[in-house]
Undergrad: 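My structure is below; once you've seen it, I'll send some questions.
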Amino acid sequence: MNKVTVLGSGVLGAQIALVTSVRGFEVAAWDINDEACASAAKRFDTFGAQMVRELDDVSADDLAAGRARLTQTTDIEAAAANADLIIEAVPENLEIKRDVWSKAGAAAGEHTILATNTSTLLPSEFADATGHPERFLALHFANHIWLNNTAEIMPHAGTDPKYVDILERFATDIKMLPVKLQKEQPGYVLNTLLVPFLNAAQYLLANGVASPEDVDKNWRNSTGAPMGPFEIMDMVGLRTVHAVGSLKPNPSASESAFHKILEEMIAEGRIGKESGQGFFTYDEEDNRVSR
Ligand code: NAD
């Protein structure tokens, strides 16, 4: 595998394209028009500077060599036809994903592997749109991919399992830590574990059972984990936690009570680590100082 096409060069697509090119692959980053490509070029600058600053094994020269392997295009058919692997990171919207995949899948070569970075949809919901469901699966990155470098690889029931192994090698080549799923699971591995864990912590607070300090202290001390659930929520950002909670159709009394607590905190500007204050207070290096 040598040539990788990334569809959508937004927050995640730009990170995937840049990291993949810096790690030695020829990358074409596609987006819908010149304006979107210009925004992506700015992201490459920002993310590139961060990579050099934050990674010991990427120098300014490595970044420049990666940038030289990275091209941008608005021609989806040509970008797809030329790829050994296509990674799609267009907006999290089923219609858009189906539309983009119908074009890219039709233009892709016989051997091209087709991967989606979807967070909340399942590959089986749009595998047919690719025209090659047996070569289609999810390759899911986490934001800030060069540091939070887990890559979850998830086939749907119609994926040929050999592509899971091929993507495992690719993920390793671009310095990700691959995690293989054997079947489809909403939320992959991480969110299947994390969401109920955070929900339980929210329940304990909303019902007046224990304070955030005591919940987190208990979890850290009893398991050896570096962070408890409230610190994790501060890291995710309380606006995101609030937005996820708002999606629940019939919230229970404790879910509504927790939602209210979050609304008050957000109104006070306590939105988590990015503001230095959430359930806890943080210093400039994001270390927890106190409540
Ligand atoms: P984003 O909005 O930053 O980027 C989407 C890109 O797709 C934009 O550059 C946009 O121009 C382009 N695009 C292509 N076709 C489009 C169309 N028809 N209409 C509008 N825009 C179009 O989104 P993102 O945060 O990079 O997310 C992309 C995918 O990655 C989603 O599936 C999301 O679930 C997934 N993801 C996001 C994160 C995250 O933290 N942001 C983490 C993991 C996975």
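Given the structure is predicted, the values throughout are model-derived calculations rather than measurements. Ligands are counted one by one from 1 in listed order, and the atoms in each one are counted from 1 as well.
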Undergrad: Going by an N to O cut-off under 4.0 Å, is there a salt bridge joining Arg288 and Asp283?
TA: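 Looking at Arg288 and Asp283, the cut-off is not met.
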
Undergrad: Would you say atom 23 (O) of ligand 1 touches the protein, meaning some protein heavy atom is under 4.0 Å from it?
TA: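 Protein heavy atoms within 4.0 Å of atom 23 (O) of ligand 1 - there are none.
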
Undergrad: Note the single closest protein heavy atom to atom 36 (N) of ligand 1, along with its residue, its atom name and the distance in Å.
TA: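 For atom 36 (N) of ligand 1, the nearest protein heavy atom is Ser119 OG, 3.2 Å.
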
Undergrad: What class does the angle between the rings of His242 and His259 fall in, given that below 30° is parallel, 30 to 60° is tilted and above 60° is perpendicular?
TA: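 His242 and His259: parallel rings.
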
Undergrad: Verify whether one side chain among His144 and Gln15 offers a donor that lies under 3.5 Å from an acceptor in the other.
TA: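 No donor-acceptor contact under 3.5 Å links the two side chains.
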
Undergrad: Under 3.5 Å, is there a donor on one side chain and an acceptor on the other for Asp234 and Tyr282?
TA: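 Checked: Asp234/Tyr282 side chains pair up, N/O donor to acceptor below 3.5 Å.
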
Undergrad: If you take the nearest heavy atom of each of Thr120, Leu121, Ile87, Asn117, which one is closest to atom 35 (C) of ligand 1?
TA: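 When every heavy atom of Thr120, Leu121, Ile87, Asn117 is considered, Asn117 comes closest to atom 35 (C) of ligand 1.
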
Undergrad: Specify side chain, backbone, both or neither for Ala40, according to which of its non-hydrogen atoms lie closer than 4.0 Å to ligand 1.
TA: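 The answer is neither; Ala40 stays 4.0 Å or more away.
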
Undergrad: Would you mind finding which of Val11, Ile145, Asp31 brings a heavy atom closest to atom 8 (C) of ligand 1?
TA: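 Checking each option, the heavy atom nearest atom 8 (C) of ligand 1 is found in Asp31.
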
Undergrad: Quick one: look up the protein heavy atom nearest atom 19 (N) of ligand 1 and list residue, atom name and how far away it is.
TA: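 Here the nearest protein heavy atom works out to Ile96 CD1, 3.7 Å.
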
Undergrad: Name the closest protein heavy atom to atom 43 (C) of ligand 1, giving the residue it belongs to and the distance to 0.1 Å.
TA: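 Nearest neighbour among protein heavy atoms for atom 43 (C) of ligand 1, to 0.1 Å: Phe141 O, 3.0 Å.
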
Undergrad: Of Val90, Ile32, Leu12, Thr118, which has the heavy atom at the shortest distance from atom 31 (C) of ligand 1?
TA: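 That would be Val90.
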
Undergrad: Check ligand 1 against Glu92 and write out every atom of the ligand that is under 4.0 Å from a heavy-atom position of the residue.
TA: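 Once the distances to Glu92 are compared, the set is 31 (C), 32 (O), 33 (C), 34 (O).
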
Undergrad: Quick test: of every protein heavy atom, which one is nearest to atom 6 (C) of ligand 1, and how far off is it to 0.1 Å?
TA: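 The closest one turns out to be Gly10 N, 3.7 Å.
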
Undergrad: Can you tell me how far the CG atom of Leu137 sits from the CD1 atom of Ile113, to the nearest 0.5 Å?
TA: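 Spacing of CG (Leu137) from CD1 (Ile113) equals 8.0 Å.
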
Undergrad: So for Glu88, does at least one of its heavy atoms come nearer than 4.0 angstrom to any atom of ligand 1?
TA: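 The answer is no, since Glu88 has no heavy atom less than 4.0 Å from ligand 1.
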
Undergrad: Looking at ligand 1, is there an atom of it that comes within less than 4.0 Å of some heavy atom belonging to Ala142?
TA: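 The answer is no: ligand 1 sits nowhere under 4.0 Å from a heavy atom of Ala142.
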
Undergrad: Can you list the ligand 1 atoms lying under 4.0 Å from a non-hydrogen atom of Gly8?
TA: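 Listed by number with element: 7 (O).
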
Undergrad: Is the distance between the ring centroids of Phe141 and Trp146 less than 6.0 Å?
TA: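 So the answer is no for these two rings.
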
Undergrad: Linking I/L/V/M/F/W/Y whenever their side-chain heavy atoms sit closer than 4.5 Å, directly or via other members, would Leu139 and Leu147 fall into one cluster?
TA: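 Both belong to a single hydrophobic cluster.
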
Undergrad: Taking side chain to side chain contact (heavy atoms under 4.5 Å, CB included) as the definition, give me every residue that meets it alongside Ser252, ordered by chain and number, with sequence neighbours left out.
TA: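 Per chain and number, Ser252 pairs via side chain to side chain contact (heavy atoms under 4.5 Å, CB included) with Ser254, Glu255.
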
Undergrad: Looking only at protein heavy atoms, which one is nearest to atom 21 (N) of ligand 1, and how far off is it?
TA: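 Residue, atom and distance for the closest contact: Pro91 CG, 3.4 Å.
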
Undergrad: Going by distance alone, is a donor N or O of one side chain under 3.5 Å from an acceptor N or O of the other, for Glu92 and Thr120?
TA: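 A donor-acceptor contact under 3.5 Å links the two side chains.
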
Undergrad: Counting non-hydrogen protein atoms only, what is the nearest one to atom 40 (O) of ligand 1? Give residue, atom name and distance.
TA: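 Scanning the protein heavy atoms, the shortest distance from atom 40 (O) of ligand 1 goes to Asn143 CB, 3.4 Å.
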
Undergrad: Run the numbers for me: atoms of ligand 1, each under 4.0 Å from some heavy atom of Lys97, listed by number.
TA: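 Counting from 1, the qualifying ligand atoms are 31 (C), 32 (O).
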
Undergrad: Determine the sole option in Thr116, Ile16, Ile32, Ile86 for which the side chain to side chain contact (heavy atoms under 4.5 Å, CB included) test with Leu7 is passed.
TA: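 Among Thr116, Ile16, Ile32, Ile86, the one meeting side chain to side chain contact (heavy atoms under 4.5 Å, CB included) with Leu7 is Ile86.
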
Undergrad: Side chain, backbone, both or neither: which part of Trp30 comes within less than 4.0 Å of ligand 1 when only heavy atoms are counted?
TA: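 Only the side chain of Trp30 comes within reach of ligand 1.
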
Undergrad: For a quick test of your reading: what N or O donor-acceptor pairs under 3.5 Å do the side chains of residues 23-31 make, sequence neighbours left out?
TA:
from	atom 1	to	atom 2	distance (Å)
Arg23	NH1	Asp57	OD2	3.1
Arg23	NH2	Asp57	OD1	3.4
Arg23	NH2	Asp57	OD2	3.4
Trp30	NE1	Thr74	O	3.3
Asp31	OD2	Ser9	N	2.8

Undergrad: Within the structure, does His140 bring an N/O atom to less than 3.5 angstrom of an N/O atom in ligand 1?
TA: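 Such a contact does not occur with ligand 1.
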
